[in-house]
Amino acid sequence: MIKRTLYFGNPAYLKTNNGQLVIEMHDSGETKTAPIEDLGLLILDHQQITITQALMAKLLDANVALVTCDHSHHPAGLLFNLEGNSLQSMKIQAQVEATQPLKKQLWQQTIIAKIKNQAVILKNQNQNDKFLQALATDVKSGDPDNCEATAAAYYWKRVFPEFLDFKRERFGLPPNNLLNYGYAILRALVARSLVGSGLLPTLGIHHRNQYNAYCLADDIMEPYRPYVDRIVCGIIRKNGKFLEMTAAMKKEFLSLPAIDVKLEGQKSPLMNAVQRTTASLAKCYEGKIRKINYPEM
Amino acid sequence: MWVLIFFDLPTETQKDRKIYAKFRKDIMGNGFQMFQFSIYLRHCSSKENADVHLKRVKKILPPKGHIGLMCITDKQFGMMEIFQGHEDIESPETLQQLELF
């Protein structure tokens, strides 16, 4: 089932009663309730939101990803439960003991899927996608030639219209802000699914920055990034150069969990597809299968 | 898809009232909300999801009393007209996957 996304951009008091999320809106004085078990993602994006500890505990218990935003409305942190799966310790054991060759193969599959999806985006933007298509077939186990970086350099130069003079930098000019926002939402979704599949989002297959707490989420979200890029392309088409974040743009990003994604020839919402990806990853670690299920655009 | 629960439970003895209060609390804990006295409803995103909730309610049925369970589609639910006195009021909204508050 596709879980609900709730976004709070106004003052509110959030508490729990009877296992439900109770929302007291500050301005209108309205009270609404939502069943916690139906929720997947909760985004808190206002300085005057109050949330009770009992509610947080219940959200974590239901494996809801709780995202808090900073003063500039960008996602700042995620909150997850420690016990997302009944076979937790067995799965984590398998994850920790994964061999280097296995990890390298998984990384190869990830990069191939990512480059292929990037190629589709370029094609949609009426750019030549032949280079990336060819590159995708050249990726070796562990990506020793760093095809990922070659693809990224080629991709970012062409994906957005020329007038933007785009450079992909973390804190760069728009539309970097849009990309960051979308990726942060995606990261929360992926990290949530990883926890749900009994894996530790901290131990990556390729990313291993000691300061990064979500290495595995960053690995697994790679092939999904182009879906965010596609949303950003759409926003640029509508807004031209004016790319300060607006409520309408946020709404487009927040629809991310529900967009249709093709996985193994089947269409499903992105949130469910991510769950299938992480489930297949857990099986790879356990040696049951050799292929991660990644979406194709 | 909407799931509706209609119930009439005995409230003569203290024990009956206790069972009644527990049942009411339990269904609210499953995400049902009061629509009118003794009529509770819940929106479910799919038939399968509705089945889950029907099953759960069937598990906690009180020993005595009359209880009706019904599923209707969003379209049928949307055709309902609700009044407060003579005034037309809005029926509960269908839940969306994404909601902004």
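Scope of the values below: all heavy atoms of this structure, side chains included, with no hydrogens, waters or symmetry mates. Chain naming here is simple, since letters A, B, ... match the order of the sequence lines and numbering starts at 1 in each.
- What you find for A/Pro35 and B/Gly31 is that their closest heavy atoms are CG-CA, 3.9 Å.
- Heavy atoms from other residues, nucleotides or ligands lying under 6.0 Å from NZ of A/Lys58 number more than 12.
- Environment of CD in B/Gln76: crowded, with over 12 heavy atoms of neighbouring residues, nucleotides or ligands closer than 6.0 Å.
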What side-chain donor-acceptor pairs closer than 3.5 Å can you find for residues 227-235 of chain A, not counting sequence neighbours?
from	atom 1	to	atom 2	distance (Å)
A/Asp229	OD1	A/Tyr183	OH	2.6
A/Asp229	OD2	A/Tyr155	OH	2.6

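- More than 12 heavy atoms of other residues, nucleotides or ligands lie within 6.0 Å of CZ in B/Phe83, so this atom counts as buried by the packing criterion.
- The structure places CZ of B/Arg56 at 4.0 Å from CD of A/Glu37, a figure rounded to the nearest 0.5 Å.
- There is no contact between A/Ile36 and chain B, counting heavy-atom distances below 4.5 Å.
- Contacts between residues 12-21 of chain A and chain B, counted as heavy-atom pairs separated by less than 4.5 Å, involve A/Asn18, A/Gln20.
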